[in-house]
Amino acid sequence: MTAFWALVIKDLRLFFGDRRAVIMSFIAPILIGSFFGYVFGGGPKKEQSKVKVLVVDQDRSATTKELMGSLEKENGIEAATAELAEAREAVRKGRAPVAIVLPKGFGESASRALFMPGAKPEITVMYDPSHTVESSMVRGMLTGQIMQTVSKGAFSGETGKRTVSEALRSLEGSTMDAGEKSTLQGLLKSVEKYNALPPASSGGGGFSIPFAMKDEPLTARAGVLYNAYAHSFGGMAIQFMLFMGIDVGIGMLLLRQRGLWRRFRAAPLSKTVLLGSRACSATLIGMMILSVVFTFARVAFDVRIEGSLLGFVGVCAAFSLMTAAYGMLIAAIGRTPEAARGLAILATLLMVMLSGAWVPSFLFPQWMQPVTKAIPARWAMDGIDAMTWRGSGGEEAVMPILVLLSGALVFGVVAVWRFRWEAE
Amino acid sequence: MLSAKNLRKAFGQLQAVSDVSLEAAKGEVLGLLGPNGAGKTTTIGMLAGLVPPDAGEVRIAGEPIVGDTSELKRKLGLVPQELALFEELTATANLDLFGALYGLSGAALARERARVFELVGLADRAKDRAGTFSGGMKRRLNLAAALMHDPDVILLDEPTVGVDPQSRNAIFDNLESLKAAGKTLLYTTHYMEEAARLCDRIAIMDHGKVIAYDDLSGLLKLAPVSRVVVVELADFHRVDAVLGLAGVREAELTGNQLRLGIERVEDIPGLLTWLLSQGAAIDHVHTERPTLETVFLHLTGRSLRDA
Ligand SMILES: Nc1ncnc2c1ncn2[C@@H]1O[C@H](COP(=O)(O)OP(=O)(O)OP(=O)(O)O)[C@@H](O)[C@H]1O
Ligand SMILES: [Mg+2]
């Protein structure tokens, strides 16, 4: 036992004495986690971020003014007017994701198109192809708003009156079936009569969207707001812990190169003590990284363990152990430190990417989902998400913990099996 | 104390060690002298139980080392050829770690550490990081790290390589005190002066084989000549004529230096008289005893240094 703890303490001393290792393991995840958390929505807040929409009003009619007014009131977007050339430039340069062009005569032709066949006015939607999600969102919102505004104009306003009487006149000369014609004339005459009423009693009129929407993001509990920092700090802790695991593996290969492995093997130490002590110190360092990173997230960004604390600690411990086993694996299959480093970094980055630590895994295409489930780090990410902002109970941590422990076991067994014990 | 019989080890096609047998009694210093790649480190690895031999056996105090945690390993101290130290840790932390590997802790650990620091003369640098030490000091710490558990048999793999003469003498003093304390030392080197100065017996290795194994005087008897006469002279070119003289075994003229290998010291006056009679202008004369270098050259046809 003396030897075991002496080896563990030696590893901790070396780790904390190495400024590069400390920066990479503690500062880097905090910095990059803060960055990703910020760009993916930041801390808990009531408002969604707004999509900037530029409106080019070439009509300048009552209808388009009204439309502009209601777009400004829309929650999800931030509408501003602009000239055509200006709007085109802004979208092309990425300063605004979407711009719409309301052409000259839009108000009139739109309300005419409501009742009569013939050409419909065209709205041009210019969008940044890297922001297709925003452009579809704006399209949907626009359809609703235009329907509402145009129909309202048709049932009140000057344009409406003109359009209805025009429609009645053109109906006279049409070759429509007699019964159908008289029904339509009746409808339009009623609209004409309705339009003649004094405005006060009409209450606006027109079609309106027959429902209202209320958003409710599902997090831990009602009232607990999504905190993007919870995911980003978890993700970056996972990434830099795996990097620490690489350092552990490379460090063991360096021991061999520096003759220290001969010293260790010359001493009366079992293989369990030699590998076990390194796995133990790596696990402890992993736990420390997670504690420091999440303590920082709590203090700076109010990231809380909304779910089971025990579950959180369990996931962290299981992942730390897996990281340690990953390090042992690198030490076992790596030939030289130099050769092992490049390959291990590549493998780690792939693993981190597929775990959803950079971009949440629900954004991955369907076919990739089962593939990423084969990656232990994905379970660490899901487990941390579940125990932090999703606020799940301890039972949701059981599967991640089991998968991580199995990963640790597989890595560990392969490492012991492939390890070169000889100190040649 | 230490015995090896018919050790063999191959790495792929390369037979690194073939049929090496060695024996060292308590308090004896056994030298393993050989050029780069002779198989010295591989032999030490097998003696320390680090590398399993392909054939042959090793015994420490009459018993073979079996298993990773064999108690016999406590009788062995290994000084690797590399500076096997944690440069980022202090000298004290290094020694404490290597002591702990042998189960030392608390007061016993502190006592051994003080003893070892005293022995290698690094007590005043105990608190400094090993990485800040000079090359010679690192070598001494490398030796110290193997002594914490007070082993009976110490295997030293080139403990003075790349060291200045002052540190080398310090290490030699350390080794002499260990010898005086009754320790058995196995010492590998490719410096013949070191082997000659320190070792009771010397095994000369080349290409994985022991080509000679004896004490110093025994080995020197293998030299083809008993003395070398070095004459610095001018106006002399007849090397072939010298070789014809009685008692002259070897003759070599480089520039104005004539080296003559002879069998008996008594022949020297006659040789010099003959040279003068040939019109040579003698400037300086000295004689050399044959060295291990001469023996190695004679046995292998190569010089130890360029081998
Ligand atoms: N692990 C190994 N794999 C392959 N070949 C090896 C290995 N270890 C040693 N050798 C080869 O075995 C031979 C003997 O090597 P060894 O290190 O024992 O020589 P040495 O006498 O200690 O040399 P030096 O004075 O340079 O330290 C060399 O040719 C070396 O290349
Ligand atoms: Mg060697």
Side-chain angles (χ1 to χ4, degrees), chain A residues 1-25 247-248 250-278 280-281 285 335-337 416-417 419-424, chain B residues 9 11 16 41-42 44-53 65-90 93-106 108-109 129 131 142 145-146 148-149 151 153-155 157-158:
Chain A
M1 254 6 227
T2 314
F4 185 91
W5 289 114
L7 287 166
V8 170
I9 289 166
K10 174 261 305 173
D11 293 334
L12 296 181
R13 272 193 181 158
L14 289 176
F15 178 81
F16 286 103
D18 179 356
R19 188 156 349 128
R20 188 199 69 90
V22 171
I23 290 176
M24 275 298 273
S25 304
D247 280 350
V248 168
I250 305 283
M252 296 196 66
L253 291 172
L254 281 172
L255 283 187
R256 205 178 269 287
Q257 232 176 34
R258 290 164 64 186
L260 282 156
W261 189 246
R262 298 181 144 256
R263 279 236 146 95
F264 288 173
R265 291 293 286 147
L269 301 175
S270 66
K271 297 175 170 111
T272 318
V273 166
L274 280 174
L275 281 202
S277 64
R278 196 62 192 94
C280 174
S281 57
I285 293 171
R335 288 269 124 203
T336 61
V416 171
W417 168 49
F419 203 84
R420 282 172 292 133
W421 294 102
E422 286 180 29
E424 68 277 331
Chain B
K9 182 75 192 177
F11 296 109
T41 300
T42 308
I44 287 226
M46 289 189 281
L47 293 175
L50 306 176
V51 180
I65 300 179
V66 182
D68 293 326
T69 55
S70 164
E71 281 299 310
L72 274 180
K73 282 188 169 183
R74 290 178 194 283
K75 290 193 196 290
L76 278 180
L78 173 69
V79 181
Q81 183 171 1
E82 302 87 358
L83 288 167
L85 300 166
F86 288 100
E87 302 227 326
E88 306 80 359
L89 299 181
T90 63
N94 269 289
L95 291 191
D96 285 359
L97 171 65
F98 297 121
L101 296 187
Y102 291 85
L104 291 174
S105 64
L109 182 67
R129 288 194 306 116
N142 199 42
M148 285 293 288
H149 59 292
V153 179
I154 305 163
L155 307 172
D157 198 354
E158 310 213 20

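By convention in this document, chain letters (A, B, ...) are assigned in the order of the sequence lines, proteins followed by strands, and residues within each chain are numbered from 1.
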Would B:Leu50 and A:Phe264 satisfy side chain to side chain contact (heavy atoms under 4.5 Å, CB included), going step by step from the backbone distance to the final call? CA-CA 10 Å; B:Leu50 306 176; A:Phe264 288 173; over 6 Å; no

Between B:Glu88 and A:Arg258, the two heavy atoms sitting closest are OE1-NH2, 4.1 Å

Atom of A:Glu422, atom of B:Val51 and distance for their closest heavy-atom approach: OE1-CG1, 4.4 Å

Close side-chain approach of B:Thr41 to A:Arg262, heavy-atom, < 4.5 Å: yes

Ranking A:Leu260, A:Val273, A:Thr2, A:Asp18 by heavy-atom pairs under 4.5 Å to chain B gives rank one to A:Leu260

Largest heavy-atom contact set with chain B, pairs under 4.5 Å, which of A:Ser270, A:Ala266, A:Ala3: A:Ala266

Non-hydrogen atoms of chain A under 4.5 Å away: do they reach the side chain of [X], the backbone, both or neither?
X        : answer
B:Leu72  : neither
B:Leu76  : neither
B:Asn142 : both
B:Leu155 : neither

What residue, out of B:Gly77, B:Gly45, B:Pro80, has the most heavy-atom pairs lying under 4.5 Å from chain A? B:Pro80

What salt bridge (Lys or Arg N to Asp or Glu O under 4.0 Å) pairs are there with at least one residue in residues 67-80 of chain B, not counting sequence neighbours? A:Arg265-B:Asp68, A:Lys271-B:Asp68, B:Glu71-B:Arg74

Sequence neighbours left out, what passes ring-ring contact (aromatic ring centres under 6.0 Å, His included) with A:Phe419? Give chain and number order. A:Trp261, A:Trp421

Residues which pass salt bridge (charged side-chain N to carboxylate O under 4.0 Å, His left out) with A:Asp247, listed by chain and number, not counting sequence neighbours: A:Arg20

How would you list, in number order, the residues of residues 4-14 of chain A that have a heavy atom less than 4.5 Å from chain B? A:Ala6, A:Leu7, A:Lys10, A:Arg13, A:Leu14

